[in-house]
Amino acid sequence: MIIVAPSLLSADHGHLAREIESLEAAGADWLHIDVIDGHFAPNLTFGPWIVEMARKLTRLPIDAHLMVTDPLTYGPTFARAGADYVSIHVEATVHLHRALAAIRLAGAKPGVALNPLTPLCYLEECLEYVDLVVVMGVNPGFSGQTFVPNAIRRVETAASLIANRPNANSNVPAPLIEVDGGVSESVAPFLIQAGATVLVSGAYLFRSPDYKEALARLRR
Ligand code: DX5
Ligand code: ZN
């Protein structure tokens, strides 16, 4: 089953509550919340109160994507605010294990995100500690950017690393593979074939007049 996670960054910020209700009614699977601090990536977006607000409004799993230089502090903050998944960037901290453990301890499922040219070998060390791998399809910062095509090959490599992960024979579920940035109906089939299970959608979905139809086109 393909999970589609609309990114609130592209929503109408004057009517966030209404947008969240429409997305849930249209059949969105998760809600993706992009947290950008103006240092790790060039933009300023949401604080933890947006997650608290969304948590009260919807039952959809909340997928917080932290593009911040201090994931050790803010990972647990967003977990406590009510996010189900909290993903942090491998490029952001030298204390990745500590930050992932802190997110789990604070009650969320940790995820690890990698920018378009960050070596995937980082994953070999992380896979036992995460529930989600986020393969970036754009450089973090903004919605509506052009998809970097190497993400398709990177999803394939991530899938094979996951299949061969150290705890592959245990009962621990395999991490999901999410693609974030530049996803549209034209690249979605290639990403799904490569092994992606979660597709984030910003500009493509929110530019569509009919969310339900756009969600269906992405899953096809
Ligand atoms: C980029 C964000 C993405 C972005 C997705 O920094 O992490 O989640 O909002 O938007 P689109 O689908 O428009 O690239
Ligand atoms: Zn994101």
Side-chain angles (χ1 to χ4, degrees), residues 3-17 19-20 23 28-58 60-96 98-116 118 126 129-145 175-176 178-183 198-203 205-206:
I3 292 166
V4 182
S7 161
L8 272 201
L9 191 55
S10 300
D12 175 355
H13 288 197
H15 301 97
L16 275 184
E19 288 276 56
I20 293 170
L23 290 165
D29 302 292
W30 292 3
L31 207 54
H32 185 85
I33 298 189
D34 287 305
V35 178
I36 308 180
D37 67 352
H39 291 281
F40 180 79
N43 203 350
L44 286 164
T45 60
F46 303 121
W49 48 89
I50 296 289
V51 171
E52 284 167 22
M53 179 274 293
R55 185 68 296 154
K56 286 181 200 144
L57 283 174
T58 178
L60 295 180
I62 294 175
D63 173 31
H65 174 200
L66 271 52
M67 290 156 273
V68 303
T69 54
D70 187 1
L72 195 51
T73 301
Y74 291 106
T77 301
F78 278 83
R80 285 191 294 268
D84 297 86
Y85 289 84
V86 176
S87 298
I88 60 176
H89 273 260
V90 299
E91 303 87 357
T93 178
V94 292
H95 300 295
L96 195 54
R98 182 181 284 161
L100 293 169
I103 290 167
R104 202 180 287 286
L105 195 65
K109 294 178 176 171
V112 71
L114 299 98
N115 284 340
T118 299
C126 299
Y129 304 101
V130 297
D131 294 275
L132 186 67
V133 168
V134 184
V135 175
M136 293 303 294
V138 298
N139 295 292
F142 304 95
S143 64
Q145 302 180 84
L176 302 173
E178 173 177 278
V179 182
D180 184 15
V183 174
V198 186
L199 300 178
V200 174
S201 181
L205 179 68
F206 287 92

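Here, residue 1 is the first one in the sequence, and each next residue gets the next number. In this text, all values refer to a predicted model and were calculated from it rather than measured experimentally.
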Checking ring-ring contact (aromatic ring centres under 6.0 Å, His included) for the pair H13/F46: CA distance, chi angles, key distance, verdict? CA-CA 11 Å; H13 288 197; F46 303 121; 5.3 Å; yes
Heavy-atom pair with the smallest gap, counting every atom of A108 and V86: CB-CG2, 3.8 Å
Non-neighbouring partners of N139 that pass side chain to side chain contact (heavy atoms under 4.5 Å, CB included), sequence neighbours left out: P116
Provide the closest heavy-atom pair for A41 versus P140 in the form atom of the first, atom of the second, distance. CB-O, 3.6 Å
Could you tell me which residues satisfy side chain to side chain donor-acceptor pair (under 3.5 Å) with D70, sequence neighbours excluded, listed by chain and number? T73
Side-chain heavy-atom pair I33, T45 within 4.5 angstrom cut-off: no
Donor-acceptor contact below 3.5 Å, side chain D63 vs main chain H32: no
Sequence neighbours excluded, the answer for side chain to side chain contact (heavy atoms under 4.5 Å, CB included) partners of T118 is V90, E91, L114, N115, Y122, R154
All heavy atoms of A203 vs all of G144, minimum pair found to be CB-CA, 3.7 Å
Would you check if there is a donor-acceptor pair between the side chains of D34 and S7 at a distance under 3.5 Å? yes
Nearest atoms (heavy-atom pairs only) where G38 meets L44: N-CD2, 3.9 Å
Show your reasoning for whether side-chain contact (heavy atoms from CB on, under 4.5 Å) applies to S87 and V112. CA-CA 5 Å; S87 298; V112 71; over 6 Å; no
D37: what forms a side chain to side chain contact (heavy atoms under 4.5 Å, CB included) with it, not counting sequence neighbours? H39, F40, V68, T69
Are M53 and L16 close enough, and set up right, to give a side-chain contact (heavy atoms from CB on, under 4.5 Å), and what steps lead you there? CA-CA 10 Å; M53 179 274 293; L16 275 184; 4.1 Å; yes
Mind checking the CG-CG spacing from L23 to L60? Nearest 0.5 Å is all I need. 8.0 Å
In this structure, which one of D29, L176, D180, V179 forms a side chain to side chain contact (heavy atoms under 4.5 Å, CB included) with V198? L176
Treating E19 as the side-chain partner and D12 as the backbone partner, does any N or O pair qualify as donor plus acceptor under 3.5 Å? yes
Given side chains that start at C-beta, do those of P76 and L105 come closer than 4.5 Å, heavy atoms only? no
Only distances under 3.5 Å count here; give the side-chain donor-acceptor pairs of residues 131-138 to other protein atoms, sequence neighbours excluded, each with its distance to 0.1 Å.
residue: D131; atom: OD2; partner: R104; partner atom: NH1; Å: 3.0
residue: D131; atom: OD2; partner: R104; partner atom: NH2; Å: 2.9

Contact summary for L9 and G141, nearest pair of heavy atoms: CD2-O, 4.4 Å
I need the minimum non-hydrogen distance between I36 and N43, along with the two atoms involved. CG2-O, 3.0 Å
CD-CD1 distance between E178 and I3, expressed to the nearest 0.5 angstrom: 9.0 Å
Would you give the length of the straight line joining atom CG of L57 to atom CD of E52, rounded to the nearest 0.5 angstrom? 12.0 Å
Any heavy-atom pair between the side chains of Y129 and P110 that's under 4.5 Å? no
So salt bridge (Lys or Arg N to Asp or Glu O under 4.0 Å) across residues 75-89, not counting sequence neighbours, yields R55-D84
Strictly under 6.0 Å, is that where the ring centroids of F78 and H65 end up? no
Walk me through it: do L72 and I88 pass the test side-chain contact (heavy atoms from CB on, under 4.5 Å)? CA-CA 9 Å; L72 195 51; I88 60 176; over 6 Å; no
